[in-house]
Amino acid sequence: MATPTKIGLEDALALGPSWRHLCQAMLYAPNPGVLFGGRILLSYAVLMSMRFDGRLGFPGGFVDDRSPSLEEGLNKELLKKLGEGVSTFSIISTDYRSSLAESKSKVVVHFYVKCLTLEQLQAVEAGAPQAKDHGLEVLGLVRVPLYTLRDGVGGLPAFLENSFIGVAREQLLEALQDLGILPPETASVLKERTVQLKQTLRLIGT
């Protein structure tokens, strides 16, 4: 697959009928929980999904041409993927973050980030097994471990070694840094590790 390129939303919407629009959302919430008796503060809960292809990604889907907006199309997809738990909120235009265009497949990926309450996020997790696409396109939800254990590997570094669809890994790290959930220096180290991981995987595949 060719490397996708960043594109402005206005330009993306003007690409024409031969292009398909894929919308995805990162759902997160402040989380005052602690791990191991308080040695690790959780701070936030961030959701990703295990896809049908065994890769991690963000919930969403292709927006139907009949949808009046990308956001309305994305909300419909989230209902199918995550169930009735999403009915307590809606993705709106101000949740939009970025778009990436892949010319070979003629697909534009639109990325949204939505802050929920912890109760709303928990409702999504609880309702997901009853969603229309549960066990089909979506195999389950996972929370991203936003900490690094003392060995320097456990937690987020180990999580990032999983297989991700497209640029989901990079989108995750950029969003965590931009939202202030990860300090810039930590995000920079993790981004470098992901680059090295990709290079290693390419060598293994040759």
Side-chain angles (χ1 to χ4, degrees), residues 20-35 40-64 66-67 69-98 100 107 109-147 154-156 158-176 178-179 181-182:
R20 296 187 298 162
H21 295 267
L22 176 64
C23 294
Q24 299 171 326
M26 184 182 102
L27 306 177
Y28 77 103
N31 180 14
V34 296
L35 191 62
I40 295 176
L41 303 179
L42 299 181
S43 301
Y44 287 89
V46 175
L47 293 184
M48 295 192 78
S49 60
M50 176 62 72
R51 294 160 39 93
F52 62 93
D53 57 8
R55 295 181 174 91
L56 290 166
F58 294 104
F62 283 101
V63 172
D64 193 303
R66 293 167 294 182
S67 295
S69 69
L70 293 176
E71 292 78 28
E72 288 196 38
L74 175 54
N75 285 316
K76 289 179 182 177
E77 286 299 315
L78 291 179
L79 183 61
K80 289 196 299 183
K81 301 294 192 303
L82 303 180
E84 293 295 335
V86 304
S87 61
T88 63
F89 64 90
S90 292
I91 303 295
I92 58 177
S93 59
T94 53
D95 298 319
Y96 168 82
R97 292 190 64 85
S98 62
L100 292 170
V107 170
V109 180
H110 305 283
F111 186 51
Y112 292 77
V113 173
K114 184 73 174 181
C115 183
L116 309 177
T117 65
L118 184 59
E119 291 74 20
Q120 286 176 316
L121 185 138
Q122 290 170 334
V124 172
E125 292 176 314
Q130 282 74 50
K132 179 181 177 181
D133 285 343
H134 181 77
L136 300 170
E137 291 188 34
V138 179
L139 301 183
L141 294 178
V142 296
R143 289 194 188 190
V144 180
L146 299 174
Y147 46 82
L156 186 54
F159 181 82
L160 293 172
E161 292 182 3
N162 285 293
S163 180
F164 290 75
I165 187 67
V167 294
R169 183 191 285 109
E170 290 78 6
Q171 288 172 324
L172 172 65
L173 283 174
E174 287 183 11
L176 293 178
D178 292 346
L179 293 168
I181 295 175
L182 280 185

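Atoms considered below: every heavy atom in the structure, side chains included; atoms not considered: hydrogens, waters and symmetry mates.
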Hey, does [Y] have a side-chain heavy atom less than 4.5 Å from the side chain of [X]?
X      : Y      : value
Arg169 : Leu160 : yes
Arg51  : Leu139 : no
Leu172 : Phe58  : yes
Ser163 : Asp53  : no
Leu42  : Leu35  : yes
Leu179 : Tyr28  : yes

Has [X] got a side-chain atom pairing as donor or acceptor with [Y]'s backbone, closer than 3.5 angstrom?
X     : Y      : answer
Glu72 : Ser69  : no
Asp95 : Ile92  : yes
Gln24 : Val109 : no

Side-chain ion pair, Lys80 and Asp133, N-O less than 4.0 Å = no
inquiry  = Under the salt bridge (Lys or Arg N to Asp or Glu O under 4.0 Å) definition, can you give me all pairs with a residue in residues 20-33, not counting sequence neighbours?
reply    = none
inquiry  = Before you tell me yes or no, could you show the steps for Val144 and Leu156 under side-chain contact (heavy atoms from CB on, under 4.5 Å), namely the whole-Å CA-CA distance, both residues' side-chain angles and the distance that decides it to 0.1 Å?
reply    = CA-CA 7 Å; Val144 180; Leu156 186 54; 3.7 Å; yes
key: Ring centroid separation Phe159 to Phe164 under 6.0 Å   = yes
Find the distance between [atom1] ([X]) and [atom2] ([Y]) and round it off to the nearest 0.5 Å.
X      : Y      : atom1 : atom2 : result
Glu77  : Glu137 : CD    : CD    : 7.5 Å
Gln130 : Glu84  : CD    : CD    : 10.0 Å
Glu125 : Leu27  : CD    : CG    : 10.0 Å
His110 : Ile91  : NE2   : CD1   : 14.0 Å

key: Within residues 112-135 or reaching into it, pairs that qualify as ring pair (Phe, Tyr, Trp, His ring centres under 6.0 Å) - sequence neighbours excluded   = Tyr96-Tyr112
